[in-house]
Structure formats: structure tokens, C-alpha cells
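Everything numeric in this text was worked out from a predicted model, so none of it was measured. In what follows, every chain begins at residue 1, and chains take the letters A, B, ... in the order their sequences are listed.
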Protein chains: 4
Amino acid sequence: MKREKPKYMQIIDAAVIVIAENGYHGSQVAKIAKQAGVADGTIYLYFKNKDDILISVFKEKMGVFIERLREIAHRPISTEEKLYELVKNHYTILQNDHHLAIVTQLELRQTRKPLRTKISDILREYLSLYDYILKEGIENGVLKDSIDIRLLRQAIFGMIDETSTSWVMTGQKHNLVSLTDEVHQLILHGLKK
Amino acid sequence: MKREKPKYMQIIDAAVIVIAENGYHGSQVAKIAKQAGVADGTIYLYFKNKDDILISVFKEKMGVFIERLREIAHRPISTEEKLYELVKNHYTILQNDHHLAIVTQLELRQTRKPLRTKISDILREYLSLYDYILKEGIENGVLKDSIDIRLLRQAIFGMIDETSTSWVMTGQKHNLVSLTDEVHQLILHGLKK
Amino acid sequence: MKREKPKYMQIIDAAVIVIAENGYHGSQVAKIAKQAGVADGTIYLYFKNKDDILISVFKEKMGVFIERLREIAHRPISTEEKLYELVKNHYTILQNDHHLAIVTQLELRQTRKPLRTKISDILREYLSLYDYILKEGIENGVLKDSIDIRLLRQAIFGMIDETSTSWVMTGQKHNLVSLTDEVHQLILHGLKK
Amino acid sequence: MKREKPKYMQIIDAAVIVIAENGYHGSQVAKIAKQAGVADGTIYLYFKNKDDILISVFKEKMGVFIERLREIAHRPISTEEKLYELVKNHYTILQNDHHLAIVTQLELRQTRKPLRTKISDILREYLSLYDYILKEGIENGVLKDSIDIRLLRQAIFGMIDETSTSWVMTGQKHNLVSLTDEVHQLILHGLKK
DNA sequence: AATGAATGAGAGTTCATTCAT
DNA sequence: AATGAATGAACTCTCATTCAT
């Protein structure tokens with residue numbers, strides 16, 4: 001006997017697929033409902049409105065990023081190694097889920113302010129783990145203490161995010177995870193020879 | 001005799017203001033026309049359709065970034081100095097035009113694929129100047145030659161773009177240009193002490 | 001319990017009235033929706049677009065002409081009598097529905113090519129019944145066999161259509177059906193004494 | 001030195017071509033102006049508005065039909081011969097000007113009421129010549145005197161018009177004028193053997 | 001007489017959300 | 001809990017006409 005996933009996750013998963021395949025603007029509630037195998041109205045038993053679906057998609061999926069990075073942050077390894085795992089983790093999750101990669105890197109950015117604000121809130125939890133690792137690195141004398149920690153965090157995230165977006169936009173052809181070494185080098189030592 | 005700005009630039013400038021103040025989705029053609037002081041129909045004498053306005057806004061404004069960076073790229077100064085000016089130039093233009101900053105960092109990203117593709121094409125010209133500077137730096141033995149140049153470019157642009165976006169999202173309160181030194185440090189030498 | 005006509009026919013009927021009273025160009029979808037007592041959007045649950053409403057109106061209404069003429073064509077009566085009933089049938093349907101008469105004789109002709117082509121296709125089925133009767137008449141030696149059947153059909157339809165249009169344009173004042181005898185005479189024997 | 005046609009006829013002729021090639025709805029004033037080689041505004045020095053162009057087109061072109069039919073009506077020939085020439089004249093003019101045929105048989109019918117009323121007025125003069133010939137035929141005892149003259153006129157015009165329209169709609173492939181004999185037969189003697 | 005840049009009113013269609021069943 | 005038919009607000013673009021030059 002087939003045990004159905006609870007409808008909530010069923011709808012979340014449907015949304016990721018529909019958005020990845022049709023783009024944010026081509027993803028009507030009716031389409032998501034059909035993909036999930038439920039009626040249009042049923043969606044509204046589990047989500048307040050369409051934005052709520054998207055926020056929930058992002059929250060659920062970011063949960064994976066956060067969970068794994070939290071584990072990394074607490075491993076008994078060096079800051080350099082933690083930063084290496086941070087990059088690798090981000091790339092790995094995206095590379096393993098092409099639909100998710102499209103949704104987070106491209107589609108979810110085409111949203112208006114209220115939604116974008118909610119997305120930022122969720123991202124904040126992920127980025128606070130960056131801060132945790134960076135703070136530790138500074139305290140241990142491994143990282144520069146002359147630069148504002150928010151700026152360090154933005155610099156790292158900016159590099160990872162931009163490289164991920166480029167990878168998605170060029171059709172996800174090359175191997176994203178294999179960039180880890182080089183990006184790790186750049187984060188720690190910069191471009192100078 | 002009243003000498004008016006040519007209507008084309010008049011509409012472009014109106015569009016930047018309207019989009020910055022109302023968001024991309026709140027910027028109806030009628031609103032842009034009103035801000036520009038022309039009739040709705042007049043817009044269509046100068047632009048093919050609404051998307052064409054947005055593309056033209058981006059093209060005209062990126063033109064400033066490109067023009068100034070081109071001049072920097074050809075100055076008789078060191079690669080390190082060129083990279084410094086590159087960062088400073090980007091931050092300066094955004095800081096001097098708050099409306100433009102909102103439009104490029106937030107609003108113009110919420111666009112659907114055909115428009116985004118056009119925007120990418122325009123961005124490419126700007127980024128090819130990054131490549132020019134980077135290539136020169138590698139040839140002169142100043143920059144690492146072990147890392148793919150596209151990756152270097154993405155890393156730099158990612159840092160600048162992410163820090164700019166954060167600045168816009170936090171209300172453009174601090175001084176963006178004053179981040180130049182630190183970001184320049186990070187680009188060249190990374191986070192490691 | 002309120003038994004409503006199915007919405008499809010409700011909208012068709014509303015369209016005939018609205019077009020007859022406001023003319024083809026004065027018949028906005030919103031006006032038809034209001035007359036039908038449904039929301040604008042409901043129209044699009046039953047029709048692909050505005051043209052589809054008009055095509056459906058013509059198809060449904062021509063259905064009556066066709067159905068009755070088909071019955072006449074198969075009656076065990078002479079060709080002369082069939083032609084008499086053919087004329088009378090056409091006139092009777094128009095005279096009994098003033099709105100329909102205006103729509104078919106005047107308004108539906110002001111349409112652009114794609115729509116007109118669809119209308120021609122529907123008309124073809126009606127005219128093929130003319131052919132059936134004419135062919136039978138020729139085979140039975142009642143009608144001239146020296147003239148192309150398509151030309152005979154066009155001549156008959158041309159007379160009926162032109163007299164109907166004149167009747168509509170002059171305000172439907174005289175009795176259209178009462179022309180049947182004379183027109184029948186002309187069809188069979190011409191103007192010559 | 002090239003003596004230019006007066007602009008009035010230049011615009012009329014341009015209108016016929018533009019309407020025939022683009023259809024009534026595709027014939028913007030700007031397009032007609034361009035074809036005529038004048039500025040948009042110039043049109044309004046010669047015509048009150050767009051409808052006035054169309055009415056003038058019809059009036060000018062019907063003038064040819066009328067002029068030739070008037071000459072026929074007054075020839076010293078029999079009523080049967082006059083009716084023969086009437087049909088032949090109509091077909092000949094249409095066959096010799098493909099653009100005109102499209103405009104009168106198809107495009108000019110897609111117009112709203114006020115314009116159509118004006119067109120009817122112009123047509124009336126043409127049809128009064130039908131009446132003249134028919135009256136003469138009745139008085140001479142050649143034609144039936146039992147049928148209303150308006151009905152006779154509508155029957156004849158209906159046949160000619162419907163056959164002309166069919167010819168245009170099927171791409172003007174066969175020879176229209178060669179239908180004259182058969183149509184003349186039908187008008188005089190009907191379908192009966 | 002001729003120009004052509006500027007005007008601005010007007011309507012088809014989509015889709016998130018509701019609610020009677 | 002689940003359905004899905006019905007709702008109705010919202011916006012781009014065209015084109016006949018004007019009028020300053």
C-alpha cells in the first residue's frame with residue numbers, strides 16, 4: 001500500500017519542479033496544483049497565498065543548506081578547512097538538484113519586495129553561520145581582523161553566489177563542485193600571485 | 001525659446017525614477033509617461049515596447065560604467081591600481097545615483113527571461129573590461145596564473161555586486177565608496193592574515 | 001433549486017442580443033458578460049477568445065438553418081416544392097428572430113479575414129444542402145443541366161441573401177416570408193414573361 | 001516636366017491599393033499617406049476623416065459602373081440585350097481591376113453602420129439604372145409585371161454580387177466575364193428546364 | 001499648401017483567490 | 001478535507017486626428 005507524502009511537501013516539491021521548468025512568471029497556482037495532483041483550492045488549505053508557497057519552498061530548501069553548514073561549523077577542524085567545506089557544501093547541494101539550482105539562482109530573484117524581504121530573513125540564518133566561522137577564525141588569529149565581519153561574509157557569499165549563477169545560466173554544463181579548490185584559494189589568498 | 005532635452009533621454013530618466021520609487025512591477029507605462037511629461041503614446045515613438053524601455057535604461061546607464069572603466073583600463077598604472085579604480089568606479093556611480101542603484105541592484109533583476117538575456121548581453125561588455133585588466137595582470141606576473149580567468153572575473157564581480165546589493169537593501173545608509181580599500185584588499189590578498 | 005441554462009448557451013444568446021443592439025464594434029466582452037449575467041472571466045471558461053464567441057454564435061445559429069433544410073431536402077416532395085421550402089425556411093428563421101437577422105445579415109460581415117474564413121466554412125455545410133437539392137432536380141430532369149451547379153447555388157443564395165439584407169436594412173418593416181412566392185417564381189422561371 | 005495627378009485622386013488610388021493589399025483593418029491612414037507619397041496631415045486637407053476617404057473611394061469607383069450602365073440603358077437595344085450588357089459590364093469592371101474587386105466585394109463590407117449607410121446611398125444611383133431598364137422591360141411587355149420591381153432589382157443584383165464575391169474569395173482564378181451568358185439565362189428564364 | 005511629432009482614449013485577457021458543495 | 005467553477009481587477013499598445021512650424 002502506497003503511503004502518500006503529506007500534501008504540504010507534495011506541493012512544495014511540485015512548486016520547485018514547475019518553477020524550474022516554467023519560470024517564476026509561468027508558474028500559475030493551477031499549474032502547481034496539477035503537478036502536485038491536488039485541486040487548486042486545496043493549495044489554500046496548506047498555504048496562505050501564492051507568496052507563501054514560494055517562501056516555504058525557499059525555507060524548506062535552505063533548511064538543508066543550514067543543517068549541513070551547522071554541522072560543518074561545529075566540526076573540530078581548522079577555519080581554513082571549514083571555509084573549504086562551506087564552499088563545497090553550497091556547490092554540492094546545488095549541483096545535486098538542478099531544479100533547485102534554477103529556482104534559487106534565477107527564478108526566486110524575480111520577486112517583488114515583500115517576498116524578497118522574507119527571503120532575506122531566511123537567508124540570514126544561513127549567513128549567520130558564515131559569521132560564526134569567520135568570528136572563530138579571527139579570534140584564532142587565522143583571519144584578518146582589520147575588516148568588518150559583515151563585509152567578509154558578503155565577499156564570500158558574493159563569490160559563491162555569482163559563480164553558482166553563472167553555472168546555472170550557462171546551462172549547468174561544467175562541474176560546479178570542482179571549482180571548490182580555486183574558489184577556496186581566492187577566498188583565503190586573493191588574486192595576487 | 002524652450003530648449004527641451006530630447007525626449008528619448010527624458011523618458012529614460014523618468015523610467016529610472018519611477019522604477020526606483022514604485023518598483024519594477026509598479027511601474028506602468030502611463031506612470032513613466034506622466035513623469036516624463038509626455039503622452040502615453042509618445043513613449044511608443046521612441047521605444048518599441050515596455051521591455052525596450054527597460055533594456056534601454058540599462059544600456060544607457062551601463063554605458064557610463066563601461067566608458068569610465070575603459071578609460072581606467074588604459075591608464076598607465078599598475079594592475080593593482082586598476083583593480084582599485086575598478087571597485088571605486090563601480091561604487092561611486094551607484095552611490096552618486098540612488099535611484100539608479102535601486103534599479104540595477106534590485107528592480108531590474110525581477111525580469112523574465114527574454115529581458116534578462118538582453119541585460120546579460122549588455123553586462124558582458126562591462127565584464128570584458130574586467131577580463132582585459134585581469135589578463136594584463138597575469139601576463140605581467142602580478143596575478144595568479146593558476147586560476148581560470150572567468151572565475152577570477154566572477155569572483156570580483158560577485159564581491160562588488162553583493163556588497164552593493166547589501167548596501168541598497170539596508171537603505172544606502174553607510175558610505176559605499178569607503179568600502180573600496182577593504183574590498184580591494186580582499187580581492188588581492190583574501191581573508192587570510 | 002434554481003435550474004440555470006448552461007452558461008455556454010447563456011453567453012451565446014447574450015452575444016446575439018448585444019451585437020444586434022450595439023453593432024459588432026460596439027460589443028465589448030464586458031458588455032456580453034453583463035448581459036449574460038456572468039463575470040468577464042467566466043466567458044473565457046467557455047470560449048477561447050472573443051472571436052471564438054462570434055464563431056460559436058454563427059455555428060449554433062446556422063445549425064438551425066441546416067437542421068431544418070436537411071429535413072426538407074429529404075422530404076418526399078418535388079424539387080420545385082423543395083426549393084419553395086428552402087426559401088421559406090430561410091426567411092422564416094430570420095423573420096422570427098430579429099436580433100439574429102441583424103447579426104447574420106449585417107454585423108457578422110464586418111469581420112476580418114481569419115474570422116470570415118471560419119464563417120465561410122460553416123456556411124459551406126448549409127450550401128451543400130442546396131447542392132443536394134439542385135443535383136436531384138437536375139437528375140430528375142426538372143432543372144437545367146446546362147449550367148454549373150455552383151453557379152445555380154450562388155444565384156439562389158444571392159437572391160435570398162440580398163432580399164434578406166434589404167429587409168433588415170429597411171428596418172424589417174414588411175413581411176419577409178411573404179416574398180417567398182415571388183422569389184420562388186424568379187428562381188424557377190426568371191424575369192421573362 | 002512631370003505633371004502630377006491632383007493629390008485627391010492620388011490618395012484615392014493609394015487607398016484602393018493599400019486596402020486591397022492589407023485589408024480594411026490593416027489600412028491605417030499613415031499607410032495610405034505613405035503609399036500616396038504625402039504626409040499624414042495632408043490627407044486631412046482633402047478628406048474630412050478616414051471614413052470620408054473610403055466613401056470617396058467607393059463614390060469615385062462606382063462612378064465608372066454608373067457611367068457605363070447609363071450609356072447601356074439608353075442604347076437602342078432590347079431589354080434582354082440591356083440586361084446582358086448590365087451583367088457583362090459589372091463583371092468586366094471587376095475583372096479588369098483586381099484591387100478594386102477585393103475592396104468592393106470584401107473589404108468595404110467590414111464597416112460600421114454610418115459608413116455602410118453612405119455606401120448604400122451611392123449604390124442607390126447605380127441600382128436606379130437597374131430600375132430604369134426593368135421598368136422599360138415591363139412596359140414593353142417583355143418582363144413579368146406581376147412582381148414588385150424592387151424585388152426584381154434585388155434578385156438581379158443579388159445574383160451578380162454573390163457570384164462576384166465567390167469569384168474574389170476563390171482567388172479570382174476563373175474568368176468572371178465568361179459567366180455572363182449563364183447568369184443572363186438564369187435571370188431571364190430561371191433554373192427550370 | 002504641406003508637414004509629421006505628439007496626443008490620449010479605449011478594450012481583450014489572465015490568474016490568484018473564494019466558497020458552495 | 002477536498003474540490004473546481006466562478007470571480008473581476010489590472011494594464012499595454014494602437015492609431016485617427018491635430019496643430020505649430
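- Not one side-chain nitrogen or oxygen of Lys7(C) sits closer than 4.0 Å to the OP1 or OP2 atom of dA5(F).
- Of the two residues near DNA chain F, Lys50(D) and Ala30(B), the one whose nearest nucleotide lies more 5' is Ala30(B).
- When each of dT12(F), dT7(E), dA1(E) is scored by its nearest atom to the side-chain atoms of Gln28(B), the top-ranked nucleotide is dT12(F).
- The side chain of Val38(C) has dT7(F) as its nearest neighbour among dA2(E), dT7(F), dA16(F).
- Between Tyr46(D) and the phosphate of dA1(E), there is no side-chain N or O to OP1/OP2 separation shorter than 4.0 Å.
- Place Gly41(D) and Gly41(C) on DNA chain F by their nearest nucleotides, and Gly41(C) ends up nearer the 5' end.
- When both pairing distances are held under 3.5 Å, dT14(E) makes a Watson-Crick or G-U pair with dA9(F).
- Across every strand in view, dG4(F) sits in a pair with dC19(E) that passes the Watson-Crick or G-U test at under 3.5 angstrom.
- Side-chain atoms of Ser56(D) come within 3.5 Å of backbone N or O of Asp52(D) as a donor-acceptor pair.
- Side-chain N or O atoms of Lys31(A) include one that pairs as donor or acceptor with a backbone N or O of Gly26(A) at under 3.5 Å.
- Distance CD (Gln10(A)) to C1' (dA1(F)): 14 Å, rounded to an integer number of Å.
- Formation of a donor-acceptor pair under 3.5 Å by the Arg109(A) side chain with backbone atoms of Thr104(A) is found in this model.
- The distance from atom CG of Asp51(B) to atom C1' of dC13(F) is 13 Å, rounded to the nearest whole Å.
- Going from atom CD1 of Ile53(A) over to atom C1' of dA16(E) covers 10 Å, rounded to whole Å.
- Taking the ring axis of Phe65(B) as reference, the NZ or CZ atom of Lys59(B) does not stay both within 45° of it and closer than 6.0 Å to the ring centre.
- Protein atom NE2 of His25(B) is 15 Å distant from nucleotide atom P of dA10(F), rounded to whole Å.
- Side chain of Ala39(B), nearest nucleotide from dA5(F), dT12(F), dG8(E): dG8(E).
- Atom CG in Leu45(D) sits roughly 9 Å away from atom C1' in dT3(E) (whole-Å rounding).
- The distance from atom CD1 of Ile43(A) to atom P of dC15(E) is 15 Å, rounded to the nearest whole Å.
- Taking the nucleotide of DNA chain E with the nearest heavy atom to each of Ser27(C) and Thr42(B), the more 5' of the two is matched to Thr42(B).
- A distance-only check finds no donor-acceptor pair linking the side chain of Gln35(D) to the backbone of Ala14(D) [under 3.5 Å].
- Look at CG on Leu54(D): it is 12 Å from C1' on dA16(F), rounded to the nearest Å.
- Per the geometry, CG belonging to Asn49(D) stands 9 Å off P belonging to dT18(F), to the nearest Å.
- Taking side-chain N and O atoms only, Tyr44(A) has no distance below 4.0 Å to OP1 or OP2 of dT3(F).
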